[in-house]
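Quantities reported herein were computed from a predicted structural model and do not represent experimental measurements. The chains referred to below are lettered A, B, ... by the order of the sequence lines, with proteins before strands, and numbering in each begins at 1.
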Amino acid sequence: MKIATWNVNSVRTRAALVADFLAREQPDLLLMQEIKCEAHQFPGDVFEAAGYRAAIVGQKSYNGVAVLSREAVDIRERALPGEAEGSASRYIEVELRDLIVGNLYLPNGNSGGDEGFRAKLDWMGKLHDHAAGLLDADRDFMLAGDYNVCPTDADYAKGALAATDALVRPESRAAFRALIWLGLTDALRALQPTETLYTFWDYQAGAWQRDRGLRIDHALVSPRVSERLESVVVAKGERDKVQPSDHVPVVVVIGG
DNA sequence: ATGGCACGGCAACCGTGA
């Protein structure tokens, strides 16, 4: 099974690029974040032509997540369990062939001062509790998307972020480690432990040309799924296209 | 050098992103 995650930074602006990616990669699932539109504005026809249907949790202007699939999937959740009613559209969870797949867009945490940062940590706590529940239920799962966390200093280029940035603050990293310590595996690092790998390059200051990137898009998998990992690849070429997203896809292949 | 660029909304810039 091939599952890709991609923060597309507006699905309407990126529809043609996404359709091209689908045609080349043929993933079973594409998890998209920051679609930046409501369901009725979603360019579903473009993806239907490529053989994909969509499960959408949309929102006007900001956030929004969607899952594209070739087969029908069961939608398990349309928000992270425990999130406040009417909260931002940051989570959708589907099930395909006994695999639970959560698609997440974690709060950045740099806006809104201390309260904004605390909201990021609260969200990570709810994700932790949800993951713990899935492990208790002995389910196989992947939680993938834009985590907005660089787990270690090896996960961002020198000078790309201040030490006080919410993406690298110790509390953010501790919350990410807490997910790992549940027994989850960072799929990319499991297969490429020492490579310099980034999934985001800012539009500003020639970050792409200077390779000043961040690794903030992650796929965490449950123990049995970690043993089925066949390949995990960063589709870096997507950053070099005309009018690209500032993020690139991470593509995970699971055997068995 | 703490700003640069891109997005949506909505019709001039502004909030947000990372």
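The side-chain hydrogen bond (donor to acceptor under 3.5 Å, both in side chains) search around A:D122 returns none, not counting sequence neighbours. Taking the side-chain hydrogen bond (donor to acceptor under 3.5 Å, both in side chains) definition, one finds that A:Y105 meets it with A:E34, sequence neighbours left out.
A:F21 has its ring centre less than 6.0 Å from the ring centre of A:W6.
In the hydrophobic clustering, where aliphatic and aromatic side chains (Ile, Leu, Val, Met, Phe, Trp, Tyr) are joined below 4.5 Å either directly or transitively, A:V168 groups with A:Y156, A:L161, A:L167, A:F200, A:L214, A:I216. Using a 4.5 Å cut-off between side-chain heavy atoms of Ile, Leu, Val, Met, Phe, Trp and Tyr, A:Y62 forms no hydrophobic cluster with any other residue.
Sorted by residue number, the members of residues 145-154 of chain A with any non-hydrogen atom under 4.0 Å from DNA chain B read A:D146, A:N148.
In this structure, A:H247 does not reach the B:dG17 phosphate: none of its side-chain N or O atoms is under 4.0 Å from OP1 or OP2. Contact between the side-chain N/O atoms of A:Q204 and the OP1/OP2 oxygens of B:dT2 is not found at any separation under 4.0 Å. For A:N108, a side-chain nitrogen or oxygen approaches OP1 or OP2 of B:dA18 to under 4.0 Å. In this structure, A:S111 reaches the B:dG17 phosphate: one of its side-chain N or O atoms is under 4.0 Å from OP1 or OP2.
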### Message
What verdict does the salt bridge (charged side-chain N to carboxylate O under 4.0 Å, His left out) test give for A:K241 and A:D20, after you've listed the backbone C-alpha separation in whole Å, the side-chain angles of each residue and the deciding distance to 0.1 Å?
### Response
CA-CA 11 Å; A:K241 300 290 176 69; A:D20 182 61; 3.8 Å; yes
#### Entry: A:V73 and A:L29: CA distance, side-chain angles, deciding distance, side-chain contact (heavy atoms from CB on, under 4.5 Å) verdict
CA-CA 10 Å; A:V73 297; A:L29 299 177; 4.0 Å; yes
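Closest to the side chain of A:T13, from the set B:dA18, B:dT2, B:dC7, is B:dC7. For A:R14, whose side chain is taken as the heavy atoms from C-beta onward, the closest listed nucleotide among B:dA18, B:dG4, B:dC7 is B:dC7.
Residue contacts for A:N7: at a heavy-atom cut-off of 4.0 Å it reaches the sugar-phosphate backbone alone, with no base atom in range. A:L161 comes within contact range of no nucleotide atom at all, as no heavy-atom separation falls under 4.0 Å. Among the protein residues, A:R212 comes within range of no part of the nucleic acid, since none of its heavy atoms lies under 4.0 Å from any strand. If you check every strand for non-hydrogen atoms under 4.0 Å, A:Y62 touches a base.
Protein atom CG of A:D202 is 13 Å distant from nucleotide atom P of B:dC7, rounded to whole Å. For the pair A:M32 CE and B:dC7 P, the interatomic distance rounds to 16 Å; values are reported in whole Å. Here the P atom of nucleotide B:dG15 and the CG atom of A:N63 are 17 Å apart, to the nearest Å. For the pair A:W201 CH2 and B:dA18 C1', the computed distance is 14 Å after rounding to whole Å. The distance between atom CZ of A:R90 and atom C1' of B:dA18, rounded to the nearest whole Å, is 12 Å. With rounding to whole Å, A:E34 atom CD is found 11 Å from B:dC7 atom P. Rounded to whole Å, the distance from CZ on A:R239 to C1' on B:dA18 is 12 Å. The distance from atom CG of A:D155 to atom C1' of B:dA18 is 15 Å, rounded to the nearest whole Å.
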Could you give the side-chain donor-acceptor pairs of residues 228-235 of chain A under 3.5 Å, partners two or more places apart or in another chain?
from	atom 1	to	atom 2	distance (Å)
A:R228	NE	A:G255	O	2.8
A:R228	NH2	A:G255	O	3.4

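When the P atom is used for both B:dC10 and B:dC14, the distance is 16 Å, rounded to whole Å. Separating the P atom of B:dG15 from that of B:dG3 is a span of 15 Å, rounded to the nearest Å. The separation of B:dC13 from B:dA1, taken at their C1' atoms, amounts to 25 Å, rounded to a whole angstrom. Nucleotides B:dA18 and B:dG4 have their C1' atoms positioned 13 Å apart, rounded to a whole Å.
Of the N and O atoms on the side chains of A:N63 and A:Y91, not one donor lies less than 3.5 Å from an acceptor on the other residue.
Each salt bridge (Lys or Arg N to Asp or Glu O under 4.0 Å) pair with one or both residues in residues 177-204 of chain A, not counting sequence neighbours, appears once here: A:D155-A:R189, A:D186-A:R215. Judged as a salt bridge (Lys or Arg N to Asp or Glu O under 4.0 Å), the pairs with a partner in residues 63-78 of chain A (not counting sequence neighbours) are, in order, A:D28-A:R70, A:E71-A:R97, A:R76-A:E93, A:R76-A:E95.
Along DNA chain B, the nucleotide closest to A:N9 and the one closest to A:R210 are compared, and the more 5′ of them pairs with A:R210.
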Look for any protein N or O under 3.5 Å of an N or O in nucleotides 9-12 of chain B and output each such pair with its distance, or none.
from	atom 1	to	atom 2	distance (Å)
B:dG9	OP2	A:R12	NH2	3.3

